[in-house]
Amino acid sequence: MLGNNDIARIFEEIVEIMELRGDDVFRIRAYQNAARIISGLPEPLSDIRARGGLRKISGIGEKIAAKIEEMLDTGHLRKHDELMAEFPAGVLEMMTVPGIGPRTAGTLYRELGVTSIDEMERAAREGRIHGLRGFGEKSEAEILENIARLRRRTGRIPLARAFPLAQQFVEGLKATAPVRDIEPAGSLRRMKEDIGDIDILVTSDDPAAVMAAVARLPMVREVLLTGPTKTSVITDVGLQVDVRAVEPENFGAALQYLTGSKAHNVKLRTLASRAGFKLSEYGIFRDTGERLGGRTEEEMYRPLGIAVFPPELREDRGEIELGLKGIVPEFVQVAHIRGDLHVHTDWSDGRATLEEIAQAAKARGYEYVGIADHSAGRGIAHGLTTERLREQMRQIRALNDTLDGITLLCAGEVDIRRDGTLDFPDDVLAELDLCIASVHSSFTLSEEEQTARVLKALDNPYVDLLGHPTGRLIGEREPISLNIRRIMEVAAERGVAMEVNSWPERLDLNDDQILLARELGVPLMINTDAHAVDHLDQIRFGVATARRGWAEPKDVLNTLPLEQFLARLRRNR
DNA sequence: GCCGTTTTCGGCCCGACTGTTTTCAGTCG
């Protein structure tokens with residue numbers, strides 16, 4: 001059975017071939033839109049179809065729904081097969097080279113019979129490209145340069161790796177150039193889970209000096225282009241960073257435009273144009289050309305009667321519609337978090353002592369912190385036996401008597417075994433303040449087996465929280481196969497919370513799943529899974545992910561004061 | 001191909017940059 005990503009990928013390939021064919025751009029956009037929507041769905045299309053929900057998805061019409069059904073039934077799509085037969089696979093790959101779009105790839109294929117990046121490189125080296133209609137010597141040289149660039153480039157990197165890099169640029173420019181405003185924009189500002197490049201926006205009395213300073217920053221490996229208002233560089237980790245200087249009166253307009261998302265901006269501009277306005281990175285204008293604003297983001301939205309949503313939520317998931325009603329809910333913030341419940345210490349595979357964690361948590365303004373070391377079943381993690389866990393609990397309770405302003409909770413991250421049983425007997429689980437149950441093994445079970453396994457763990461009355469529910473590691477390991485809606489329905493019914501794990505490679509649940517969890521009434525907890533004191537600060541990435549999933553403080557248990565928090569745990573309900 | 005409290009037909013975001021152009025096409029974000 002094809003999964004959502006397979007189906008989204010097939011639609012994307014259809015898009016690429018239709019572009020090569022020069023098909024109607026709006027029809028192409030419909031497929032592109034469908035691919036984007038499908039890759040963001042938290043549930044398998046097969047489940048959505050089973051309850052008759054396919055056509056209810058905005059952007060999926062009669063034709064595309066029928067194609068989805070065909071793929072679910074037969075495992076492929078005739079239209080896709082036919083289109084793919086029209087071009088060799090390598091022609092699609094050619095379009096991954098920067099600057100090579102469908103027109104160029106199509107021309108090179110038709111005129112020169114070029115069918116891969118390697119062949120394209122050879123054609124350029126042999127000088128066979130310049131002279132073609134629309135191609136000169138510069139185009140030919142540019143193609144070679146861009147192929148080399150593609151081969152040097154890294155792909156997308158996790159948010160938590162890109163974030164400090166952006167900070168370094170901001171700090172570096174503040175220290176070495178006359179910047180006034182400086183703000184990262186793009187997907188980093190939206191706190192998307194992975195980042196393809198970094199956009200930084202500045203204003204300055206001397207933009208040229210800023211551009212020159214960018215090229216001199218120590219983490220810059222290569223300067224791609226530098227002009228009076230824009231400089232593009234590749235950093236030592238292979239990530240592209242663009243720095244743009246704009247006029248102060250356009251800062252808000254440029255920030256809004258560069259932050260996106262694309263889908264958010266398209267929706268916004270469509271709406272604006274119907275109401276007689278025009279939006280661009282230079283401001284908001286009436287049809288008459290009169291400029292209404294652009295110094296701040298707020299000035300861009302106000303004339304449209306749309307409330308400003310935080311960047312994390314600008315994904316065209318209903319924020320514009322709600323903003324039109326003037327409603328912006330209060331979304332969860334780091335300052336709302338009163339305790340981190342998933343922290344490892346040197347009792348298992350962490351580095352810090354109990355005391356160090358207590359002090360670090362207190363320093364971050366927390367009321368409580370959950371010590372959640374691994375159970376013994378996970379040999380590699382130096383897990384706790386029943387005896388050591390009981391000894392740790394004794395020490396934690398003793399330590400609490402000496403602590404002021406912070407309470408350590410005996411948590412415990414217990415393995416969910418392959419058969420769904422837990423790694424500690426129930427009488428031990430009962431002694432904990434809080435039990436996190438997590439999958440750390442047998443990642444490749446079928447959806448049916450994996451779902452049954454996790455549901456069995458949720459049967460245990462002492463399980464309060466499902467830790468990193470899907471087990472995915474961004475860029476390294478796929479999520480386990482789960483009927484996530486089924487798991488969430490059961491969790492909601494029993495009052496089991498689901499984790500938003502802040503670990504940079506996890507961010508698990510992800511934003512789309514958090515949206516579903518809220519819809520189904522599943523309580524959330526945002527935790528770091530810290531293995532050292534510094535990791536406690538990664539909470540910001542979990543909080544950002546929760547915000548992307550529209551989580552409000554009331555959805556997140558660890559925004560509650562200690563007594564109320566404990567009362568909401570499944571075991572105490 | 002999708003969508004609709006201004007439309008079931010006629011729209012569908014906007015601008016910069018680049019190289020090839022003699023007024024524009026292609027790509028990108």
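Just so it is clear: chains get the letters A, B, ... in the order the sequence lines come, proteins before strands, and each one is counted from 1.
Taking only side-chain atoms of A:A30, from C-beta outward, the nucleotide of B:dC2, B:dG29, B:dT27 with the closest atom is B:dC2. The nucleotide whose nearest atom lies closest to any side-chain atom of A:R27 is, among B:dG1, B:dT27, B:dC3, B:dG1. Comparing B:dC3, B:dG1, B:dG19 against the side chain of A:K138 picks out B:dG19 as the nearest.
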Run A:K79 and A:E70 through salt bridge (Lys or Arg N to Asp or Glu O under 4.0 Å) and show every step you take. CA-CA 10 Å; A:K79 184 189 170 88; A:E70 183 187 335; over 6 Å; no
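Between A:K267 and A:E319 there is no salt bridge, since none of the side-chain N atoms of the basic residue sits less than 4.0 Å from a carboxylate O of the acidic one. Salt-bridge check for A:E12 with A:R36: failed, with every basic side-chain N at 4.0 Å or more from each acidic carboxylate O. Under 4.0 Å is where a charged nitrogen must lie from a carboxylate oxygen, and between A:D512 and A:R317 at least one such pair does.
Taking atom CG on A:D242 and atom C1' on B:dG29, their separation rounds to 9 Å, with Å as the unit. As a whole-Å value, the separation of A:L188 CG from B:dG29 C1' is 16 Å. In this structure, A:E142 places its CD atom 13 Å from C1' of B:dC28, rounding to the nearest Å. Atom-to-atom, CZ of A:R314 to P of B:dG29 comes out at 20 Å; the value is rounded to the nearest Å. The CZ-C1' distance, from A:R36 to B:dG1, rounds to 15 Å in whole Å. Atom CD of A:E321 and atom P of B:dC3 are 13 Å apart (whole Å). Atom CD1 in A:I57 sits roughly 12 Å away from atom P in B:dC2 (whole-Å rounding). Atom-to-atom, CG of A:L258 to C1' of B:dC28 comes out at 12 Å; the value is rounded to the nearest Å.
Mapping A:L225 and A:S273 onto DNA chain B by nearest heavy atom places A:S273 at the nucleotide closer to the 5' end. Of the residues near DNA chain B, A:R103 and A:F135, the one whose nearest nucleotide (by heavy atom distance) lies more toward the 5' end is A:F135.
Spacing between B:dT23 and B:dT18 at atom C1', rounded to whole Å, works out to 15 Å. Here, B:dC2 and B:dT7 have their C1' atoms 14 Å apart, quoted to the whole Å. Atom name P, nucleotides B:dT8 and B:dG4: the rounded distance is 13 Å, in whole Å. Across the P atoms, B:dG29 and B:dT22 are found 27 Å apart, a figure rounded to whole Å. Nucleotides B:dT5 and B:dG1 place their P atoms 23 Å apart, quoted to the nearest Å. Taking atom P in both B:dA16 and B:dG10, the straight-line distance is 32 Å, to the nearest Å. Across B:dC13 and B:dC28, the matching C1' atoms stand 14 Å from one another, rounded to whole Å. Taking atom C1' on both B:dC14 and B:dT20, the two are 23 Å apart, rounded to the nearest angstrom.
At the phosphate of B:dG29, neither OP1 nor OP2 sits under 4.0 Å from any side-chain N or O atom of A:K262. Look at A:Y282 and you won't find any side-chain N or O under 4.0 angstrom from OP1 or OP2 of B:dC14. Put simply, A:R29 has a side-chain N or O that comes within less than 4.0 Å of OP1 or OP2 on B:dC13. Of the side-chain N and O atoms in A:K278, one or more sit less than 4.0 angstrom from OP1 or OP2 of B:dG15. Remark: A:R269 is not in phosphate contact with B:dC13, judged by side-chain N or O atoms under 4.0 Å from OP1 or OP2. When the side-chain nitrogen and oxygen atoms of A:S139 are compared with OP1 and OP2 of B:dT20, one or more of them lie within a distance under 4.0 Å. At B:dC13, none of the side-chain N or O atoms of A:S280 fall inside 4.0 Å of OP1 or OP2 (strictly under the cut-off). Of the side-chain N and O atoms in A:K230, none sit less than 4.0 angstrom from OP1 or OP2 of B:dG29. Taking 4.0 angstrom as the limit, A:T270 places a side-chain polar atom (N or O) nearer than this to OP1 or OP2 of B:dC13.
Nucleic acid contact for A:L268: none, since no nucleic acid atom lies under 4.0 Å from a heavy atom of the residue. Contact annotation for A:I28: no contact, since no heavy-atom pair falls under 4.0 Å across all strands. Counting any heavy atom pair closer than 4.0 Å across all strands shown, A:E137 reaches sugar-phosphate atoms only and no base atom.
A heavy-atom distance below 4.5 Å is not found between the side chains of A:R477 and A:E505. In this structure the side chain of A:M300 never reaches within 4.5 angstrom of the side chain of A:Y257, judged on heavy atoms.
In this structure, B:dC17 and B:dG26 make a Watson-Crick or G-U wobble pair, each of the two defining distances being under 3.5 angstrom.
Anti is the conformation of B:dT22, whose glycosidic angle sits further than 90° from 0.
A:E13 and A:H80 share a side-chain donor-acceptor pair at under 3.5 Å.
Taking the six-membered ring where tryptophan is involved, the planes of A:Y301 and A:H264 are tilted, since the angle between them lies from 30° to 60°.
A donor and an acceptor atom sit less than 3.5 Å apart, one in the side chain of A:Y257 and one in the base of B:dG29.
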